[in-house]
Structure formats: C-alpha cells, structure tokens
Amino acid sequence: KKELILQDFMNVEYVALETTDEFLTQGLVQDVGKEYLLVTNRNNDGDIFIFDRQTGKGLKKINRRGQGAEEYARINEIILDENNDEIFVKSPGNKILVYDLNGEFKRCLNLGRDISSIFDYDKHNLICYDMSDYHNKGKDRNKSYHILISKQDGSITRKISIPFDEVKSPVARDGENWENWAAPVPTAMYQIVPDHTNWVLMETSSDTIYHYLPDANTTIPLIVRTPSIHSMDPPEVFLIPTVFTDRYYFMSLLKAEFNFETGRGFPTSGLMYDRLESSLFIPKIYNGDYTSKREVDMTSRPLDPEFVIGQSLQAHELAEAYGKGVLKGKLKEIAAKLDEESNPVIMLIKHKK
C-alpha cells in the first residue's frame with residue numbers, strides 16, 4: 001500500500017456552483033473546458049447545466065429530453081467542444097445529438113454503431129470506442145475498435161488497430177447459455193484515457209495497453225499485463241486505465257463476476273504503478289485541503305488532456321467539515337459561505353505544468 005497527498009503531484013481547482021431557483025443541480029461533472037463546466041443530475045432527468053468555469057456562475061440550463069428527432073431519450077455521455085461552441089450528447093439508438101451552447105439543435109450524427117469513451121479529438125473529429133462486438137465474448141474479431149469519427153456526420157475518418165484475435169470482454173453469463181447475461185455499464189470502462197497530448201488506448205481483448213501518438217498516427221506498447229487475459233478462467237480480471245500522470249499510472253482491476261440473484265457484481269479495486277520506483281501499489285490518495293484523511297477516488301471518468309478528473313463535493317458535507325475545523329486553504333474559504341442547500345462544489349484535478 002502507498003499513501004499520497006493529491007496536491008503533491010496534481011493541481012486542484014475548486015468551483016463553487018452558483019445556487020439559484022433555476023440552477024439547482026446534483027453536480028455530476030460531464031465535461032470541462034477553459035470557459036465552461038458542464039454538469040447534470042444523477043437521476044438523468046435530461047437537464048444539462050452550463051456554468052462559468054472560473055466563477056461558477058450559472059450560464060444556461062438546457063433540457064432537450066424527449067422522443068423527437070431533435071431530442072435525446074437519455075444522456076449517456078456529453079462532450080463539450082469549445083472550439084466550435086457545440087455540445088455532443090450521446091443518446092440511445094446509436095446517435096449523437098449536436099446542440100449549440102444555447103441548446104439549439106444543429107444536427108444528428110446517426111452512427112450505425114454503439115460507441116463509448118467519447119472525447120473531443122480535434123476541430124473536426126471525435127475519438128471513441130466501437131462497442132459493436134462488446135458482447136461477442138469468445139468470438140473472433142472482425143474490425144478495428146478505436147476510431148475517429150467526423151463531427152459533421154459521424155462517419156469514420158480513421159481506424160486505430162490494436163492486434164488480437166479473440167474477443168474477451170467483461171461479460172458474465174448465468175449458466176452455459178447467453179439467455180441471461182450481464183456486463184458493466186460502458187462508462188465504467190475506459191477504453192480511451194487522455195494523457196497530456198497523447199492518448200492511452202485499452203482493449204479488453206488485448207494484454208497490452210498502448211500509447212497512441214496522434215501526430216505520428218502510431219501506437220506504442222505502454223503496459224503489458226500478466227497473466228494473459230486469454231489464459232484466465234472465468235471470472236476473469238481486467239486491467240482498466242484511469243488516470244496517467246508524469247509519475248503515476250492509476251488503474252482499476254475489474255472482476256467479471258455477477259450475482260444474478262442480487263443484481264450486483266463486477267467488483268473493482270485500485271492499482272497504481274510508480275514509474276520512478278518501478279513498483280505496483282494499492283493507492284490511498286488523500287485531499288491535502290483536509291486536516292483529516294479524506295480519500296480521493298482516482299478511478300472516476302477521465303475528462304480531457306488537461307483536466308483529468310472532475311468530482312462534486314456535497315455542500316452539506318463541506319459545511320459539516322467546516323464546522324469541525326478540518327478544512328484549510330481555498331476549500332475552507334469556499335465552505336465558509338455554504339449552507340446545506342447550496343449546489344455542490346466541483347473539484348477539478350489537473351496535471352501540474
């Protein structure tokens with residue numbers, strides 16, 4: 001085991017979200033840019049809140065949930081494209097709805113494939129993972145899975161190939177047939193992780209995690225796991241990348257185990273590789289703005305190459321911590337102005353420069 005203070009190797013920024021009758025949110029962070037911060041509610045009611053990243057002021061509340069051609073049935077993922085002042089909302093039905101920052105519909109990308117791990121790649125493309133064969137466990141592969149797609153029409157503009165033969169995915173089945181099966185939600189699996197100006201690519205069917213270098217359009221082996229995923233009997237254990245810093249590689253171990261009676265399964269645990277010491281650890285990361293030990297989850301969904309993780313700190317918990325005198329620094333200043341009914345405070349974790 002290894003204990004670390006978050007602020008010793010990452011920069012931390014806090015954004016206190018403005019609280020008004022219109023801007024009441026549970027503060028689930030979806031994406032962040034230089035100017036804007038996008039959050040939703042955890043109950044997936046369709047609300048998308050746009051806040052000013054610097055001040056936390058509420059700028060726009062959007063809800064285009066519905067069954068119409070210009071609406072999303074539910075929110076699976078949201079991608080902010082500040083360069084083009086657009087928001088991409090991944091919705092069921094293999095489509096992405098594109099809106100401007102006022103919530104006006106612009107176009108629909110009909111993908112013809114189920115994708116996940118979507119990120120803003122450049123001015124013209126998104127990078128994502130094709131989920132089409134995700135449930136074809138034990139079958140031979142027939143395509144590339146990491147792809148770039150056009151922001152204009154969703155067509156594939158580049159395929160990034162990771163070599164493997166047999167599909168090996170964290171799918172659990174009840175008995176010998178596939179009539180009753182379960183899989184972790186796609187957003188719990190990070191097949192793509194931003195890493196500064198590069199990307200980390202993971203394929204559950206491969207023992208190798210790769211660096212993808214966009215300028216050279218090439219993949220370089222980064223981590224090779226043992227034992228091979230193809231040598232493991234069910235329930236297999238999968239290695240999932242989460243956060244990559246200059247020194248530390250944070251990952252999750254996900255076990256393909258599911259209890260069909262209780263409806264619970266796919267347990268995960270944390271793992272960290274220290275590049276300086278060339279050693280593996282079970283990490284405990286603590287927020288240095290608490291005088292007591294407050295653990296930080298390093299397995300949250302990655303955001304973008306600069307802002308690694310965005311997490312919501314609940315106002316009532318901060319108010320209680322302030323009352324106990326266990327806060328310090330900027331977080332203490334923010335908590336002093338909160339009450340239990342305030343919106344969450346967003347903690348943004350980003351790379352040190």
Tell me the closest heavy-atom pair linking L201 and I160, and the distance in Å.
CD1-CG2, 3.7 Å
Only one of L148, I118, I149 passes side chain to side chain contact (heavy atoms under 4.5 Å, CB included) with I127, and that residue is L148
Using links of under 4.5 Å between side-chain heavy atoms of ILVMFWY residues, direct or through other members, which residues join Y286 in one cluster?
I5
Under 4.5 Å between side-chain heavy atoms, chaining through other members, with only Ile, Leu, Val, Met, Phe, Trp and Tyr counted: pull out the rest of the cluster around L59, sorted by chain and number.
Y36, L38, I48, I50, I62, Y72, I75, I78, L80, I87, V89, L97, Y99, L101, F105
Tell me whether R225 at atom CZ has more than 12 heavy atoms from other residues, nucleotides or ligands lying less than 6.0 Å away.
yes
Mutual orientation of the aromatic rings belonging to F260 and F258 [parallel < 30°, tilted 30-60°, perpendicular > 60°]:
perpendicular
From CA spacing to verdict: side-chain contact (heavy atoms from CB on, under 4.5 Å), E86, R107
CA-CA 11 Å; E86 292 181 339; R107 61 191 177 278; 2.9 Å; yes
side-chain contact (heavy atoms from CB on, under 4.5 Å) for R141 and D133? Distances and angles first, verdict last.
CA-CA 8 Å; R141 71 171 299 168; D133 275 354; 5.6 Å; no
Residues E82 and R53 bridged, charged N to O under 4.0 Å
no
To check you understand the geometry: which heavy-atom pair defines the closest contact between T245 and H351, and what is its length?
CA-CE1, 4.1 Å
Distance-minimising heavy-atom pair for S116 and M131:
OG-SD, 3.2 Å
Taking atom CD of E340 as the centre, report whether more than 12 heavy atoms of other residues, nucleotides or ligands fall under 6.0 Å from it.
no
If you apply the rule side-chain contact (heavy atoms from CB on, under 4.5 Å), what do you find for L313 with Y14, and how did you get there?
CA-CA 9 Å; L313 308 179; Y14 297 105; 3.9 Å; yes
Answer whether the closest heavy-atom distance between the side chains of V193 and W199 falls below 4.5 Å.
no
If I take atom NZ from residue K60 and atom CG from residue D52, how far apart are they, to the nearest 0.5 angstrom?
15.5 Å
NZ of K352: more than 12 outside heavy atoms within 6.0 angstrom?
yes
Could you list who else is in L37's hydrophobic cluster, with ILVMFWY side chains joined at under 4.5 Å, directly or through other members?
V15, L17, F23, V29, V32, V39, F49, F51, L303, F307, I346, L348
Atom pairs and distances, side-chain donor-acceptor, residues 205-212, under 3.5 Å, sequence neighbours left out:
from: S205; atom 1: OG; to: K168; atom 2: N; distance (Å): 2.7
from: S205; atom 1: OG; to: K168; atom 2: O; distance (Å): 3.4
from: S205; atom 1: OG; to: E203; atom 2: OE2; distance (Å): 3.2
from: S206; atom 1: OG; to: T208; atom 2: N; distance (Å): 3.1
from: S206; atom 1: OG; to: T208; atom 2: O; distance (Å): 3.3
from: D207; atom 1: OD1; to: S228; atom 2: OG; distance (Å): 3.4
from: D207; atom 1: OD1; to: I229; atom 2: N; distance (Å): 2.7
from: D207; atom 1: OD2; to: S228; atom 2: OG; distance (Å): 2.7
from: H211; atom 1: NE2; to: D195; atom 2: OD2; distance (Å): 2.6
from: Y212; atom 1: OH; to: R158; atom 2: NH1; distance (Å): 2.7
from: Y212; atom 1: OH; to: N217; atom 2: OD1; distance (Å): 2.7

Taking atom NZ of K106 and atom CG of N84, what is their separation to the nearest 0.5 Å?
7.0 Å
Cluster check L222, I240: I/L/V/M/F/W/Y, side chain < 4.5 angstrom:
yes
Can we say R301 and E77 salt-bridge, meaning some charged N sits less than 4.0 Å from an Asp/Glu carboxylate O?
yes
Main-chain N/O of E18 paired to N343 side chain as donor or acceptor, under 3.5 Å
yes
Taking atom CG of D165 as the centre, does the number of heavy atoms from other residues, nucleotides or ligands within less than 6.0 Å exceed 12?
no
For D289, is there an ion pair with R294 - N to carboxylate O distance below 4.0 angstrom?
no
Within 6.0 angstrom of K2 NZ, more than 12 heavy atoms from elsewhere
yes
For Y121 and F119, I'd like to know if the aromatic rings sit close, meaning centre-to-centre distance below 6.0 Å.
no
Heavy atoms of Q7 and G288 approach each other most closely as OE1-N, 2.7 Å
Check the surroundings of atom NE2 in H124: do more than 12 heavy atoms from other residues, nucleotides or ligands lie under 6.0 Å from it?
no
Taking side chain to side chain donor-acceptor pair (under 3.5 Å) as the test, write out the residues that go with N102, two or more places apart.
none
Do the non-hydrogen side-chain atoms of I349 and V296 ever get within less than 4.5 Å of each other?
yes
Mutual orientation of the aromatic rings belonging to Y129 and Y145 [parallel < 30°, tilted 30-60°, perpendicular > 60°]
tilted
What about L254 and L239, same hydrophobic cluster or not, with Ile/Leu/Val/Met/Phe/Trp/Tyr joined at side-chain heavy-atom distances under 4.5 Å?
yes
May I ask you to say whether K350 pairs ionically with D304, meaning some side-chain N is under 4.0 Å from a carboxylate O?
no
Please answer: with hydrophobic residues joined when any side-chain heavy atoms are less than 4.5 Å apart, are F281 and M251 in the same cluster?
no
Would a hydrophobic clustering, with Ile, Leu, Val, Met, Phe, Trp and Tyr connected at side-chain separations under 4.5 Å, put M202 with V237?
yes
In sequence, state the C-alpha distance, the side-chain angles, and the governing distance for K151 and D120, and then conclude on salt bridge (charged side-chain N to carboxylate O under 4.0 Å, His left out).
CA-CA 9 Å; K151 291 179 178 179; D120 187 18; 2.6 Å; yes
Please evaluate residues E277 and R247 with respect to the criterion side-chain contact (heavy atoms from CB on, under 4.5 Å), reporting the C-alpha separation (whole Å), side-chain torsions for both, the decisive distance (0.1 Å), and the verdict.
CA-CA 9 Å; E277 298 185 14; R247 176 171 176 178; 3.5 Å; yes
Are K90 and D114 close enough, and set up right, to give a salt bridge (charged side-chain N to carboxylate O under 4.0 Å, His left out), and what steps lead you there?
CA-CA 10 Å; K90 171 66 167 57; D114 189 14; 3.4 Å; yes
Should we say atom NZ of K95 is surrounded by more than 12 heavy atoms from elsewhere, each under 6.0 Å from it?
yes
Residues forming a side chain to side chain donor-acceptor pair (under 3.5 Å) with S91, sequence neighbours excluded
none
